[in-house]
Protein chains: 2
Amino acid sequence: MTTMSAGERRERDRERYNANLAGCPGHELLAALSDKWVTLVLSALADGPLRYGDLSRIVAGASQKMLTQTLRKLERDGLLTRTVTPAVPVRVDYALTGLGESLLPVQRAIKTWAETHIEQVHGARAAYDARPAP
Amino acid sequence: MTTMSAGERRERDRERYNANLAGCPGHELLAALSDKWVTLVLSALADGPLRYGDLSRIVAGASQKMLTQTLRKLERDGLLTRTVTPAVPVRVDYALTGLGESLLPVQRAIKTWAETHIEQVHGARAAYDARPAP
DNA sequence: CGGTATCCGTCACGATACTG
DNA sequence: CAGTATCGTGACGGATACCG
């Protein structure tokens with residue numbers, strides 16, 4: 001069968017396209033960074049290692065589940081290390097790796113742009129929202 | 001009433017925290033950029049204005065709904081302009097604003113980091129996944 | 001051509017309870 | 001202290017159909 005419905009074709013195209021996206025480094029990174037808590041955890045650890053409890057206090061908005069999930073993901077990606085000290089009670093420290101630290105300048109670049117231009121964005125939004133209704 | 005259940009307190013804390021987050025320029029930007037299609041649209045327009053149809057072909061993975069939604073958001077934020085030329089059929093052009101263009105270097109920074117370090121990340125993942133099961 | 005309107009599945013997230 | 005297990009829900013994205 002060489003024939004194929006338009007729907008099938010579109011679906012196949014989308015799959016291909018998404019496969020490309022998944023393989024694109026830029027997108028992978030962006031997907032990782034955009035995670036609500038990743039940035040917060042990373043910058044919390046920028047000043048030095050922290051224990052789980054400390055992190056959960058600093059990143060106060062995160063649920064236990066989300067915090068753990070985020071930490072595991074970052075550990076898997078080699079951005080931080082997880083060190084368990086067997087004692088009673090247990091002690092777990094998290095610290096940035098070199099790779100993780102190398103990400104901090106990128107974060108700063110983003111932050112800098114944001115602080116420099118956010119006013120303009122807010123202004124544009126206000127203007128847009130104030131337009132006469134269609 | 002000065003008393004409050006632990007649950008209520010946590011909930012209130014989370015709300016406050018999220019309110020802070022919403023006001024944080026860095027997070028606002030990150031939330032905007034992380035949108036699956038924003039980066040693609042922006043870089044598609046980096047070389048010059050495009051019509052809606054062109055965009056939908058270049059950003060092939062996006063559904064019509066998502067593409068329109070993304071374009072509207074970017075227009076609202078002042079990152080691009082939408083120009084309607086009343087004719088038959090209608091013609092709509094999208095172009096980056098100065099503000100939108102100023103975002104391109106940031107995108108490049110992200111892309112550069114990704115291309116430089118993604119191998120390490122993949123290596124770390126492989127190592128993590130290959131560890132002996134607990 | 002360039003959209004809007006509507007329905008619908010899924011899945012990420014949070015709350016809660018329990019464990020080594 | 002530092003998690004794991006389980007369940008409920010709501011926002012988001014996709015498919016489809018229709019409009020100026």
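Please read all numbers here as calculations on a predicted model, not as lab measurements. Residue numbers begin at 1 in each chain, while the letters A, B, ... track the order of the sequences.
Here the CG-CG distance, from A:L96 to A:L104, works out to 6.0 Å after rounding to the nearest 0.5 Å. The CG atom of A:L80 lies 11.5 Å from the CG atom of A:D93; values are rounded to the nearest 0.5 Å. Separating the OH atom in B:Y128 from the CZ atom in A:R72 is a distance of 5.5 Å, to the nearest 0.5 Å. Distance check: A:E101 CD to A:L45 CG gives 10.0 Å after rounding to the nearest 0.5 Å.
Shown are A:T39, A:T97, A:L29; of these, the side chain to side chain contact (heavy atoms under 4.5 Å, CB included) with A:L103 is made only by A:L29.
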**Asked** For every nucleotide of nucleotides 1-10 of chain D, 5' to 3': is a protein heavy atom under 4.0 Å from its base (B), only from its sugar-phosphate (S), or from neither (-)?
**Response** SSBB------
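Between B:K36 atom NZ and C:dC11 atom C1' there is a gap of 14 Å when expressed in whole angstrom units. Rounded to an integer number of Å, the gap from B:E75 CD to C:dG2 P is 15 Å. In this structure, the CD atom of B:Q69 is 8 Å from the C1' atom of D:dC12, given to the nearest Å. In this structure, CG of B:L67 is placed 11 Å from P of D:dG14, rounded to the nearest angstrom.
Here the side chains of A:Y52 and A:L67 are in contact, with some heavy-atom distance below 4.5 Å.
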